[in-house]
Amino acid sequence: MTKTSTKPSVPLLIEGHSISEAYSRLLLYIMEHSGVEVAPLVLTVDGFPADYSIPEDPAVRRSLDALLHRKGKTKVEDVAFTIFPERLWVMAQGDRTKLFQYYGWSFPFYRARDKANSRGLYFERLTMYGSGPCDGNQLEWILSEWNKRDGVRDSLAQATTFDPARDHTASAQLKFPCLQHVSFVPTAAGLVVNAFYATQQIFDKAYGNYLGLAQLGAFMAHEMKMPFARLNVNVGVAKLERIGKTDGAMKPLIEAARLCIAASPAAALTDVGSAQLTADAA
């Protein structure tokens, strides 16, 4: 991308009652409009149940995973795992100390098995940052501070993945970290998670990003003993790359996305600049 290729625009707001619906709305917006970029994007998801599970549309998930496999890309589950290791959380059976321990043991293997992980993984940065309290475990510090006293400040529950010492580099391309920062905001409705991306790949990363962030949000809400209310994802530049809009292999995914949206009770896609956000969508 050149220095001037991204045209400035008003934010695009996409709402969904599941990550599948939100992803479907984003994908179809790209398919139905000129260009392959949205800059900036604000994507918001609610509808998370009380049991901390993450509802998905099976047809959308299957279609995307099949397309990712066909194109030699990483499946959704493995992308999500870079943000939150759901499999290890299940193994830990609700014990977060064990979760962090299991991840610490396993991380060298995850980094070694894929060259794309050579600079780190998001959950590693969140729990083994390299400096700070709790031996760099930002999530543990947030949870321990939250649970031991009342009246914590709103700005306490935030964690970073970007590190200038490691990530300010003149490399022409840098795959990691695109996710910069995550904040956790307790509200009357439950926990709201805000994530901030510099850039995001719509085809091969976005769905897995949303799933991993939702799983992270459910984990934090569980440990903070409150419902998981909403996920907000803010992206500087979201772009469809590594697959063409006219590629025939996209057809099953596009059909699944349309059916997913048709089953939703609300048509929720808005240009922020042309409509007032409701308090619920903020």
Side-chain angles (χ1 to χ4, degrees), residues 18-20 23 45 47-58 60-62 64-65 68-69 73-130 132-148 157 159-161 176-177 179 182 184 190-191 193 195 204-229 231 233:
S18 71
I19 59 171
S20 300
Y23 179 80
V45 185
F48 300 105
D51 65 358
Y52 301 108
S53 62
I54 310 300
E56 299 182 67
D57 184 308
V60 173
R61 174 69 177 271
R62 284 195 303 268
L64 178 56
D65 266 333
L68 291 169
H69 178 74
K73 304 301 181 182
T74 306
K75 64 182 180 180
V76 167
E77 180 183 5
D78 288 345
V79 173
F81 190 91
T82 66
I83 299 174
F84 185 76
E86 180 71 14
R87 297 190 298 273
L88 298 184
W89 180 229
V90 172
M91 290 172 56
Q93 298 181 329
D95 185 332
R96 75 170 185 263
T97 299
K98 288 184 177 179
L99 167 66
F100 297 143
Q101 185 179 59
Y102 293 164
Y103 189 82
W105 290 342
S106 305
F107 172 70
F109 166 75
Y110 301 139
R111 180 166 55 181
R113 74 174 182 176
D114 190 340
K115 290 182 179 179
N117 299 333
S118 61
R119 302 191 68 254
L121 295 171
Y122 293 116
F123 196 72
E124 174 243 346
R125 292 281 179 100
L126 293 172
T127 60
M128 299 186 290
Y129 189 77
C134 295
D135 294 325
N137 189 334
Q138 300 177 79
L139 302 184
E140 178 58 35
W141 186 82
I142 291 169
L143 294 172
S144 60
E145 290 294 311
W146 171 262
N147 290 325
K148 76 181 182 183
T160 188
T161 59
F176 176 90
L179 171 63
V182 185
F184 308 94
L191 187 67
V193 176
D204 52 338
K205 298 295 183 181
Y207 193 109
N209 292 162
Y210 306 152
L211 178 58
L213 288 167
Q215 291 169 340
L216 175 63
F219 162 73
M220 294 295 285
H222 176 273
E223 295 301 287
M224 296 168 80
K225 301 177 176 58
M226 65 178 66
F228 178 30
L231 169 65
V233 183

*asked:* Run the side-chain contact (heavy atoms from CB on, under 4.5 Å) test on Phe107 and Thr127 for me, step by step, so that the C-alpha distance in whole Å, both residues' side-chain angles and the decisive distance to 0.1 Å come before the verdict.
replied: CA-CA 11 Å; Phe107 172 70; Thr127 60; over 6 Å; no
*With a 4.5 Å heavy-atom cut-off, do Glu124 and Tyr103 have their side chains touching?*
yes
*Can you see which heavy atom on Ile54 is nearest to which on Ala214, and at what distance?*
CD1-O, 3.6 Å
_Nearest 0.5 angstrom please: Glu77 CD to Asp65 CG, how far?_
8.5 Å
*Do Leu88 and Phe81 touch side chain to side chain, with heavy atoms closer than 4.5 Å?*
yes
*asked:* If I take atom CG from residue Leu68 and atom NZ from residue Lys75, how far apart are they, to the nearest 0.5 angstrom?
replied: 11.0 Å
*Residue pair Pro55 / Ser53: nearest heavy atoms and the distance that separates them*: CD-O, 3.5 Å
*Start with the C-alpha gap between Leu143 and Phe184, add the side-chain angles, then the distance that decides, and say whether side-chain contact (heavy atoms from CB on, under 4.5 Å) holds.*
CA-CA 10 Å; Leu143 294 172; Phe184 308 94; over 6 Å; no
_Closest contact, heavy atoms only, Pro227 versus Tyr52_ = N-OH, 4.3 Å
*Rounded distance [0.5 Å steps], CG in Leu64 versus OH in Tyr207*: 7.5 Å
*Please walk me through it: do Gln215 and Ile83 pass side-chain contact (heavy atoms from CB on, under 4.5 Å)?*
CA-CA 8 Å; Gln215 291 169 340; Ile83 299 174; over 6 Å; no
*Taking Thr161 for the side chain and Leu179 for the main chain, is one N or O donor matched with an acceptor at less than 3.5 Å?*
yes
_Heavy-atom check, side chain of Val193 versus side chain of Leu216, under 4.5 Å_ = no
_Tell me the closest heavy-atom pair linking Val45 and Ser18, and the distance in Å._
CG1-C, 3.5 Å
*Give, for atom CG of Leu213 and atom CZ of Phe84, the distance between the pair rounded to the nearest 0.5 Å.*
11.5 Å
*Should we say atom CG of Asp135 is surrounded by more than 12 heavy atoms from elsewhere, each under 6.0 Å from it?*
no
_To check you understand the geometry: which heavy-atom pair defines the closest contact between Val233 and Leu231, and what is its length?_
CG2-CG, 3.9 Å
_Leu99 side chain reached by Phe219 side chain, heavy atoms, under 4.5 Å_ = yes
*Are any of the side-chain heavy atoms of Met220 and Trp146 separated by less than 4.5 Å?*
no
*asked:* Is a donor from one side chain sitting under 3.5 angstrom from an acceptor on the other, for Tyr23 and Glu56?
replied: no
*Do you know the tightest heavy-atom contact between Ala221 and Leu191?*
N-CD2, 3.6 Å
_Nearest 0.5 angstrom please: Glu145 CD to Cys134 SG, how far?_
7.5 Å
*In Å and rounded to the nearest 0.5 Å, what is the NZ to CH2 distance from Lys98 to Trp89?*
11.0 Å
*Report yes if some heavy atom in the side chain of Leu211 is under 4.5 Å from a heavy atom in the side chain of Val76; otherwise report no.*
yes
*Is it true that a side-chain atom of Gln138 and a backbone atom of Thr160 form a donor plus acceptor pair closer than 3.5 Å?*
yes
_Side-chain touch Phe100/Asn137, heavy atoms, less than 4.5 angstrom_ = yes
